Amino acid sequence: IRFSKGLNMNSQRISFEFFPTKTDAGHEKLLLTAKKLADYQPGFFSCTYGAGGSTRDRTLNTVLQLNSETQVPAAPHMSCVGDSKTDLRELLNTYKEAGIKRIVALRGDLPSGMGMAEGELRYANELVEFIRQETGDHFYIEVAAYPEMHPQARNFETDLQNFVQKVKAGADSAITQYFFNADCYFYFVERVRRLGVDIPIVPGIMPITNYTKLARFSDACGAEIPRWIRKQLEAYGDDA
């Protein structure tokens, strides 16, 4: 994503999300990219957490390096699926000792084949509450929002209530799943404001670089790609 360097990024609350890499070469490329993006003065860099905590160590290492080498605050994604309270407590203490001030608290994706969430905490609101109980106000907590409804929610009304629970548990702000239909975002914000939610709700943006992967990922996470965008991108075929 390109932004004007003259823009005050912190006032715009812009952040960039990274996925921990599997190879040393990939990790070096990630750090090089992060250093370039640091020129745009983002509010923070976040780093994702694999299904069932599958990238726990790589997420930890990436976050600590981003925080120390880019001069941009780093925010780890933290998931409760598959982790015990002891594991989560240990991770929180590690981040706290490293000077990390922000956490993106999520239920987390279920590993393939897992039908129900495992672990002592099953939902994101329970994780937010646990972080507050363990660390007080040390961490600024971001949570996820789903303008087009979480793909595993029973219905839209239930999903709104789930979001409200996360906020009441102690969330400071929210970042949405990416979307291409702006109306869904404004409608979501309007609905939760009526329910008493007043925290910032920041739109998630997904740059389109590979249509095939984007379509597959969007189907899985419930993000609608409008027909006009699909038709436009399909016309390009494999032309990057």
Side-chain angles (χ1 to χ4, degrees), residues 13-15 17 19 46 48-52 75 77-82 103-119 121-132 140-208 211-234:
R13 290 185 42 79
I14 289 171
S15 66
E17 180 177 284
F19 299 83
S46 66
T48 63
Y49 198 72
H77 286 210
M78 194 169 185
S79 161
C80 58
V81 170
I103 283 178
V104 181
L106 311 163
R107 184 201 69 176
D109 294 328
L110 303 177
S112 179
M114 183 188 290
M116 294 289 290
E118 294 183 356
L121 306 176
R122 297 180 61 191
Y123 302 106
N125 65 293
E126 296 174 355
L127 176 58
V128 173
E129 189 174 331
F130 178 76
I131 294 172
R132 286 293 179 229
Y140 186 99
I141 301 177
E142 306 266 6
V143 292
Y146 296 86
E148 295 173 291
M149 193 177 85
H150 191 285
Q152 294 171 348
R154 286 200 302 269
N155 54 58
F156 190 68
E157 296 302 321
T158 300
D159 204 36
L160 288 176
Q161 292 301 326
N162 289 340
F163 178 73
V164 172
Q165 283 186 310
K166 289 190 287 189
V167 175
K168 289 183 176 179
D172 293 295
S173 64
I175 303 173
T176 77
Q177 177 61 269
Y178 71 84
F179 56 87
F180 297 107
N181 178 0
D183 287 343
C184 72
Y185 167 77
F186 294 117
Y187 181 68
F188 177 86
V189 172
E190 179 185 336
R191 289 296 306 277
V192 297
R193 293 289 185 244
R194 289 183 197 167
L195 295 173
V197 171
D198 60 0
I199 65 171
I201 302 173
V202 181
I205 298 171
M206 174 68 84
I208 302 174
Y211 174 67
T212 302
K213 289 182 180 179
L214 177 73
R216 184 169 63 247
F217 190 46
S218 297
D219 288 341
C221 71
E224 179 191 12
I225 303 178
R227 184 176 184 276
W228 69 270
I229 293 181
R230 284 184 179 270
K231 292 302 180 183
Q232 180 72 62
L233 295 174
E234 285 170 0

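One is the number of the first residue; the rest follow in order along the sequence. These numbers were taken from a predicted model, which means no experiment stands behind them.
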Review point. At what distance, to the nearest 0.5 angstrom, does CG of Asp159 lie from CZ of Arg154?
Key: 10.5 Å

Exercise for review: State the CD1-OG distance between Ile175 and Ser15, to the nearest 0.5 angstrom.
Suggested key: 4.5 Å

Point to revise | Set of residues satisfying side-chain contact (heavy atoms from CB on, under 4.5 Å) with respect to Val167, sequence neighbours excluded | key: Phe163, Val197, Ile199

**Study point:** Pairing residues for Lys213 by the salt bridge (charged side-chain N to carboxylate O under 4.0 Å, His left out) criterion, not counting sequence neighbours
**Key:** none

Practice item. Find the distance between CD1 (Ile229) and CG (Leu214) and round it off to the nearest 0.5 Å. Key: 9.0 Å

Review point. Roughly how far, to the nearest 0.5 Å, is CG of Leu121 from CD1 of Ile131?
Key: 9.5 Å

Review point. How far apart are the closest heavy atoms of Pro151 and Cys221, and which atoms are they?
Key: CD-O, 3.5 Å

**Study point:** Plane angle bin for Phe156 and Phe188 - parallel if under 30°, tilted between 30 and 60°, otherwise perpendicular
**Key:** perpendicular

Point to revise | Contacts of type ring-ring contact (aromatic ring centres under 6.0 Å, His included), residue Phe130, not counting sequence neighbours | key: none

Review point. Residues in side chain to side chain donor-acceptor pair (under 3.5 Å) with Arg194, at least two apart?
Key: Glu190

Review point. Are any side-chain N or O atoms of Lys166 and backbone N or O atoms of Ala171, one a donor and one an acceptor, separated by less than 3.5 Å?
Key: no

Exercise for review: Compare every heavy atom of Leu106 with every heavy atom of Ala144, then report the nearest pair and how far apart it is.
Suggested key: CB-CD2, 3.6 Å

Review point. Could you state the interatomic distance from CD (Gln161) to CG (Leu195), rounded to the nearest 0.5 Å?
Key: 5.5 Å

**Study point:** Contacts of type side-chain contact (heavy atoms from CB on, under 4.5 Å), residue Glu224, not counting sequence neighbours
**Key:** Glu148, Asn181

**Study point:** Listed partners of Tyr211 passing ring-ring contact (aromatic ring centres under 6.0 Å, His included), at least two apart
**Key:** none

Practice item. Looking only at non-hydrogen atoms, find the nearest pair between Gln152 and Arg107 and report the distance. Key: OE1-NH2, 2.8 Å

**Study point:** Interatomic distance, Tyr123 atom OH to Glu129 atom CD [nearest 0.5 angstrom]
**Key:** 14.5 Å

Revision key, fill the gap. So the side-chain hydrogen bond (donor to acceptor under 3.5 Å, both in side chains) pairs with at least one residue in residues 168-179 (sequence neighbours excluded) are Arg13-Ser173, Arg132-Asp172, Tyr140-Ser173, Glu142-Ser173, Tyr178-Ser218

Review point. Gln165: what forms a side-chain contact (heavy atoms from CB on, under 4.5 Å) with it, not counting sequence neighbours?
Key: Asn125, Asn162

Exercise for review: Write down the atom of Ile225, the atom of Ala215, and the distance for their closest heavy-atom approach.
Suggested key: CD1-CA, 3.9 Å

Check your understanding: Heavy atoms, side chains only, cut-off 4.5 Å: are Glu17 and Thr48 in contact?
Key -> yes

Point to revise | Residues which pass side-chain contact (heavy atoms from CB on, under 4.5 Å) with Glu157, listed by chain and number, not counting sequence neighbours | key: Asn155, Leu160, Arg191

Check your understanding: Just by distance, do the side chain of Tyr49 and the backbone of Val104 share a donor-acceptor pair under 3.5 Å?
Key -> no

Check your understanding: Under the salt bridge (charged side-chain N to carboxylate O under 4.0 Å, His left out) test, which residues partner Arg193, sequence neighbours left out?
Key -> none

**Study point:** Min side-chain heavy-atom separation Pro203-Phe179 under 4.5 Å
**Key:** yes

